[in-house]
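First the proteins, then the strands, lettered A, B, ... as listed; each starts at 1.
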Protein chains: 2
Amino acid sequence: MTTSEGDKLTDAQNELYAWIKNYMRDFQHSPSIRQMMQAMGLKSPAPIQSRLKHLQDKGYISWQEGKARTMQIIDEISGVVPIMGSVAAGGLIETYSDVNENLDLSEVLQKKDVFALTVNGDSMIDACIAHGDMVLMEPIKDSNSLRNGTIVSAMVPGLGTTLKYFFKRGGKIFLEAANPAYEPIELNFGDVIFQGKLLAVWRKV
Amino acid sequence: MTTSEGDKLTDAQNELYAWIKNYMRDFQHSPSIRQMMQAMGLKSPAPIQSRLKHLQDKGYISWQEGKARTMQIIDEISGVVPIMGSVAAGGLIETYSDVNENLDLSEVLQKKDVFALTVNGDSMIDACIAHGDMVLMEPIKDSNSLRNGTIVSAMVPGLGTTLKYFFKRGGKIFLEAANPAYEPIELNFGDVIFQGKLLAVWRKV
DNA sequence: TTGTCATAAAAACATTTGTACTCTAATACA
DNA sequence: TGTATTAGAGTACAAATGTTTTTATGACAA
């Protein structure tokens, strides 16, 4: 948790905070103090300032002093989901505990130039990447920095784009499937263009 | 695409647009015209005004007239990633095409009460859900509406919480693993509390 | 009661900011 | 070459906005 002990909000603070989050989600920019004033049914900006200061002290928001509409919400980035614990997928026994952490998808999504590919086929099935999955990829700047075992999307001229494990042995490059039914592809360095390396897998059911 | 034919941007417009998107991603609020002016290396706000007007005409941005820092980016919602095509995971041959679609994770995330669980174990491995994966779940309001074959997280009192395929046959409930090493669990209605059904799988590498 | 504290109102102020206007330089075109 | 067009500089101004100060109110404890 980024918020610690004494960070509980009063009702008024909480109401304001919730309203701000809604506003910023809808409009992609910060409201002005006078807008918040109206929304909270107040007739003076001072109470809003006070609540904002408290929200700032408790680590919920921040802003650039003196600048109009420059608020930022500290904690909640879009794409955050509470993790309610773990679940047995086997014989293990577990029960839901409280919320321990948040799953933050935006951490991956906000990387520069992330793109997605639809997976077509079953050659990566042993890596638990199935037909129809979406793979989120990050462009590869320096193909020399690729580590063995990384999953990459590689374009082999004349062969097309394929998702495989990357291995480098000797002067050769090997692209290996995660499925014994498929043979490794052996290539020389200039024969392949790496388009991206795997960041995450997304499957919607 | 929401943008149509004559919506191509000039270099200057494109540079500004890219800068705005970055700024708004980083700061969660709109920049001011004078900030953009500086960022573009200009010494007068007029050119920025002109470019903004063009961006607005072409449907890329909007703002509230006269209000400070009220810009909105029209197209890009957070949690949206461009899909660059599909990739072969097998023998298929495919090449990257243009951007066809966007992958919108927020569609799932914005459902009410979505929560995540860490998968512990390998009993769902044949459904391509591996140890360490995060499963995004939706609370189940009405357990009668559950369809056979749905993946659910179920709490069996005395046994814990487990991720399994749900089946209903006769008056009985069966919870089946996606791994032949595990036996199905047979239960009566009432002996089990369903906590959620699977919406999506997320794996960060 | 009295004093303290938190909250709200009201008013005033300085800065930030969007917008409009004029002028100049560069560019394209006939 | 001359003219039209466009982009940018410079300036000015009114509105929006954050901030400060002063005062009033109510709750609550000493």
Interatomic distance where CG belongs to A:Asp57 and P belongs to C:dA6 [whole Å]: 13 Å
Side-chain donor-acceptor pair present, A:Tyr60, A:Asn14, cut-off under 3.5 Å: no
Take atom CD of B:Glu15 and atom P of D:dA7, then tell me their distance rounded to the nearest Å. 15 Å
Atom pair distance, as rounded to whole Å: CD in A:Gln49 and C1' in D:dG18: 6 Å
Counting only side-chain heavy atoms from C-beta out, which of D:dG8, C:dA9, C:dA20 sits nearest to A:Lys43? C:dA9
Determine the contact category for B:Glu65: base if any of its heavy atoms lies under 4.0 Å from a base atom, sugar-phosphate if only primed atoms, P, OP1 or OP2 are that close, otherwise nothing. sugar-phosphate
Whole Å only: how far is the CG atom of A:Leu52 from the P atom of C:dA8? 12 Å
N or O in side chain of B:Arg51 less than 4.0 angstrom from D:dA7 OP1/OP2: no
For A:Lys67, is there any backbone N or O sitting under 3.5 Å from a side-chain donor or acceptor partner on B:Arg69? no
I want to check one thing: is the phosphate of C:dT17, taken as OP1 and OP2, less than 4.0 Å away from some side-chain N or O of B:Arg69? yes
Closest nucleotide among D:dG18, C:dA11, C:dT7 to the A:Pro45 side chain: C:dA11
Check whether more than 12 heavy atoms from other residues, nucleotides or ligands sit under 6.0 Å from atom CZ of B:Arg147, and answer yes or no. no
Touch check for A:Ala68, heavy atoms < 4.0 angstrom, all strands: base, sugar-phosphate only, or nothing? sugar-phosphate
Give a yes or no on whether B:Asn188 atom CG has more than 12 heavy-atom contacts from other residues, nucleotides or ligands under 6.0 Å away. yes
B:Asp11 atom CG is separated from D:dA7 atom C1', nearest whole Å, by 14 Å
Could you check B:Arg34 against B:Lys67 and say which one's nearest nucleotide on DNA chain D is further toward the 5' end? B:Arg34
Can you tell me how far P of C:dA11 sits from CE of A:Met37, to the nearest Å? 12 Å
Whole-Å distance separating the CD1 atom of A:Ile33 from the P atom of C:dT15: 17 Å
Indicate whether OP1 or OP2 belonging to D:dT19 is found under 4.0 Å from a side-chain N or O atom of A:Trp63. yes
Specify the separation, in whole Å, of atom CD1 of A:Ile48 and atom P of C:dA8. 8 Å
Under 3.5 Å: donor-acceptor pair, side chain of B:Gln28, backbone of A:Ile73: yes
If you go through the side-chain atoms of B:Ser44, does one of them form a donor-acceptor pair with the base of D:dG8 closer than 3.5 Å? no
